[in-house]
A.B. asks: 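Quick one: the structure is below, and I'll ask about it shortly.
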Number of protein chains: 2
Amino acid sequence: MSAPPEKIPQPTIERLSAYLQCVRLMRAQESATASSSEIARRTGINAAQLRKDLSYFGEFGTPGLGYDLRALEAHLSRIMGLDVERDVLLVGAGNLGRALSSYTGFGRRGFRIVAAFDVDEAKVGTAMGPVRVHHLRELAAVNAELGAEVGVVAVPASAAQVAVDALTAVGVRAILNFAPVTLAARPEITVRNVDLTSQMEILSYYLRST
Amino acid sequence: MSAPPEKIPQPTIERLSAYLQCVRLMRAQESATASSSEIARRTGINAAQLRKDLSYFGEFGTPGLGYDLRALEAHLSRIMGLDVERDVLLVGAGNLGRALSSYTGFGRRGFRIVAAFDVDEAKVGTAMGPVRVHHLRELAAVNAELGAEVGVVAVPASAAQVAVDALTAVGVRAILNFAPVTLAARPEITVRNVDLTSQMEILSYYLRST
DNA sequence: GTGTATTTGTGAAAAATTTCTCTATCTCGC
DNA sequence: GCGAGATAGAGAAATTTTTCACAAATACAC
Ligand SMILES: NC(=O)c1ccc[n+]([C@@H]2O[C@H](COP(=O)([O-])OP(=O)(O)OC[C@H]3O[C@@H](n4cnc5c(N)ncnc54)[C@H](O)[C@@H]3O)[C@@H](O)[C@H]2O)c1
Ligand SMILES: NC(=O)c1ccc[n+]([C@@H]2O[C@H](COP(=O)([O-])OP(=O)(O)OC[C@H]3O[C@@H](n4cnc5c(N)ncnc54)[C@H](O)[C@@H]3O)[C@@H](O)[C@H]2O)c1
């Protein structure tokens, strides 16, 4: 139940988020319980896979009935560390940074973009959605107060490593990177890359030979 | 050489794009050749993995020397179907849609967002970056001329299935979806989800127990 | 209560993917 | 051309991940 997670497969972690999304949706649709096969059908993930994924963390279901959605949402949230609010630092106040900072969906999941940073003096001092834009050189001073541990990198590829170094220097331990480059960071830092051009290229692969 | 690809592992496809990015960068840095271990070092991917991935498609290297970067870029581009320009339809002219449509990086890789669609009358008729915003109901008429096969969905989750259905109805075969929902589409349609909230949640997992 | 229909959790099997290892091949300096 | 050094390609092994399949557990109708 409060079993200490051993070594969890990477693909499992990535699916947990999908289960959580599905559970939230079903709850919003007034369902109280769901079987693994129902969740499987909705997410496109195999039912045995779902049960095995959950079994790494405990026993959350009831044979003959399925999963209580309220309890499952709570468990998944706790497993994912979503039971605490996370402050997020955004580096890069450009097109993408603006979209991200005005997106309300993060807040509903406990992620709050609390400050943005740029090197363009024209942007420093302005507001971007609900977020103030600071100069990058103020990063340390700002985060000394905030203590945020999550960063988002939305700067040109040529500046991304600088941004990562700056973020890790002020205590950020997890980074979402939108720049199309492979970044270096100490192993205890988690960096996830969201490369949209790469996603387009992968789509292209499936369209080829036409 | 021009061997017909058999069945290629999904993870291989996703890495090809990373190799391509690395090769482009090294070329820009004036390198003419690179060994698998050099590319491996830069991408963080195992060298044997790279060689195996490439070997699915042919023999592109030279023992003792490595890979000719110019030739490798050409091969990877062809393998990924990037040797033709792709027109892209964007559904959803909101915050994210605006960021995407004004991004110049796609064009440099052969993806051109040629039209945007929305249902908000206030947005219809306006220009978003270099792209005109049409009403969604004009999708069929517009694509009858363009014949685009790639779509991007940047609408609220509640409208995403509608957007997918509309796109597939006009001949789109590959879709990049930013809405946080699992979508249904015929099996011959490729749908890739880019769920940024999910990415944040995965980061959160690695920060938990703090 | 009893019996039947469900559905979980899980060990085992299967499948997929990654990594190892080694041979043949090629380069390059001389 | 020759020999030393480097590296690709690929079979085999190892590892990881997914799927199967079934016993045990529970619900629910009667
Ligand atoms: N906009 C998109 O839709 C999109 C799509 C795919 C990928 N990307 C990637 O996301 C990143 C951001 O894209 P964008 O469109 O927002 O770019 P942008 O040019 O609009 O914005 C980049 C911002 O980063 C700032 N910047 C530059 N160097 C900096 C530094 N050292 N520290 C802090 N800020 C710095 C610039 O002043 C600018 O405000 C890029 O790497 C891009 O390749 C964006
Ligand atoms: N903005 C972000 O940074 C961000 C981050 C994560 C996820 N997302 C997801 O991306 C999607 C778009 O986000 P956004 O911030 O651009 O939202 P937004 O509200 O700014 O824009 C959505 C647009 O879609 C239009 N729309 C609504 N229904 C439509 C329909 N049936 N057909 C065509 N257009 C329709 C709306 O008129 C609006 O212009 C959402 O699903 C959101 O959850 C966005």
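Side chains included, hydrogens not; waters and symmetry mates left out as well; all remaining heavy atoms used. The sequence lines fix the lettering, A, B, ..., with proteins before strands; numbering per chain opens at 1. Fair warning: this is a prediction, and the values are worked out from it, not measured in the lab.
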A.B. asks: Go through dA8(D), dG9(C), dT27(C) for me and flag the one nearest to the Thr62(B) side chain.
C.D. replies: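 Looking only at heavy atoms from C-beta outward on Thr62(B), the closest nucleotide is dT27(C).
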
A.B. asks: May I have all residue pairs that pass salt bridge (charged side-chain N to carboxylate O under 4.0 Å, His left out) and include part of residues 150-166 of chain A, sequence neighbours excluded?
C.D. replies: none

A.B. asks: Is there a donor-acceptor contact under 3.5 Å linking the side chains of Asp68(B) and Thr33(B)?
C.D. replies: no

A.B. asks: dT17(C) C1' sits how many Å from Lys7(B) NZ, rounded?
C.D. replies: 12 Å

A.B. asks: Is any side-chain N of the basic residue among Arg15(A) and Glu201(B) closer than 4.0 Å to the acidic one's carboxylate O?
C.D. replies: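 Salt bridge flag = no for Glu201(B) with Arg15(A).
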
A.B. asks: May I have the distance from Phe60(B) (atom CZ) to dA10(D) (atom P), rounded to whole angstrom?
C.D. replies: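 The answer, rounded to whole Å, is 11 Å.
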
A.B. asks: If I take atom CD in residue Glu59(B) and atom C1' in nucleotide dC26(C), what distance separates them, rounded to the nearest angstrom?
C.D. replies: 13 Å

A.B. asks: Hey, mind stepping through Arg78(B) and Glu73(B) against salt bridge (Lys or Arg N to Asp or Glu O under 4.0 Å) and telling me if it holds?
C.D. replies: CA-CA 8 Å; Arg78(B) 184 179 41 70; Glu73(B) 179 176 350; over 6 Å; no

A.B. asks: How long is the span from the CG atom in Leu96(B) to the CG atom in Leu196(B), to the nearest 0.5 Å?
C.D. replies: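 Output value for this atom pair is 7.0 Å.
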
A.B. asks: Measure from CG on Leu50(A) to C1' on dC20(D) and round the result to the nearest Å.
C.D. replies: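 Taking atom C1' of dC20(D) as the reference, CG of Leu50(A) is at 16 Å.
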
A.B. asks: Both Tyr67(A) and Ala48(B) contact DNA chain C. Which one's nearest nucleotide lies toward the 5' end?
C.D. replies: Tyr67(A)

A.B. asks: Tell me, please, whether Tyr205(A) has Arg208(A) positioned over its six-membered ring: NZ or CZ under 6.0 Å from the ring centre and within 45 degrees of its axis?
C.D. replies: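 Pair Arg208(A)/Tyr205(A) counts as cation-pi.
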
A.B. asks: Checking all strands, does Gly61(B) fall into the base, sugar-phosphate, or nothing category for heavy-atom contacts under 4.0 angstrom?
C.D. replies: sugar-phosphate

A.B. asks: Please give, in whole Å, the distance from dT17(C) P to Asp53(B) CG?
C.D. replies: 11 Å

A.B. asks: I want to verify a distance call: between dA16(C), dT10(C), dC28(C), whose nearest atom is closest to the Leu65(B) side chain?
C.D. replies: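 Within the option list, the nearest is dC28(C).
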
A.B. asks: Nearest to the side chain of Lys52(A), which nucleotide is it out of dT18(D), dT26(D), dT18(C)?
C.D. replies: dT18(D)

A.B. asks: For Gln10(A) and dT16(D), give me the distance from atom CD to atom C1', rounded to whole Å.
C.D. replies: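 Interatomic distance, CD of Gln10(A) to C1' of dT16(D): 12 Å.
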
A.B. asks: Tell me which nucleotide among dT10(C), dT17(D), dA8(D) gets nearest to the side chain of Arg51(B).
C.D. replies: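 Closest of the options to the side chain of Arg51(B): dA8(D).
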
A.B. asks: Measure the distance from CD on Gln49(B) to P on dG9(D) and round it to the nearest whole Å.
C.D. replies: 14 Å

A.B. asks: About how many Å separate CG of Asp53(B) and CZ of Arg51(B), when rounded to the nearest 0.5 Å?
C.D. replies: 11.0 Å

A.B. asks: For the pair made of CG in Leu72(B) and P in dT7(D), what is the distance, rounded to whole Å?
C.D. replies: 15 Å

A.B. asks: If you check the Ser36(A) side chain, which of dT8(C), dT27(C), dT7(D) turns out closest?
C.D. replies: dT8(C)

A.B. asks: Apply the test side-chain contact (heavy atoms from CB on, under 4.5 Å) to residues Met200(A) and Arg109(B): give CA-CA distance (whole Å), side-chain angles for both, the deciding distance (0.1 Å), then the verdict.
C.D. replies: CA-CA 9 Å; Met200(A) 291 290 245; Arg109(B) 295 287 166 255; over 6 Å; no

A.B. asks: Which of residues 38-47 of chain A have a heavy atom under 4.0 Å from DNA chain D?
C.D. replies: Asn46(A)

A.B. asks: Could you give me the CA-CA distance, side-chain angles and deciding distance for Arg86(B) and Glu149(B), then say whether salt bridge (Lys or Arg N to Asp or Glu O under 4.0 Å) is met?
C.D. replies: CA-CA 8 Å; Arg86(B) 301 271 181 200; Glu149(B) 297 188 304; 3.6 Å; yes

A.B. asks: Between the side chain of Gln161(B) and the main-chain N/O of Ala184(B), is any donor-acceptor distance below 3.5 Å?
C.D. replies: yes

A.B. asks: Which parts of residues 11-23 of chain A get close to DNA chain C, meaning a heavy atom less than 4.0 angstrom away?
C.D. replies: none

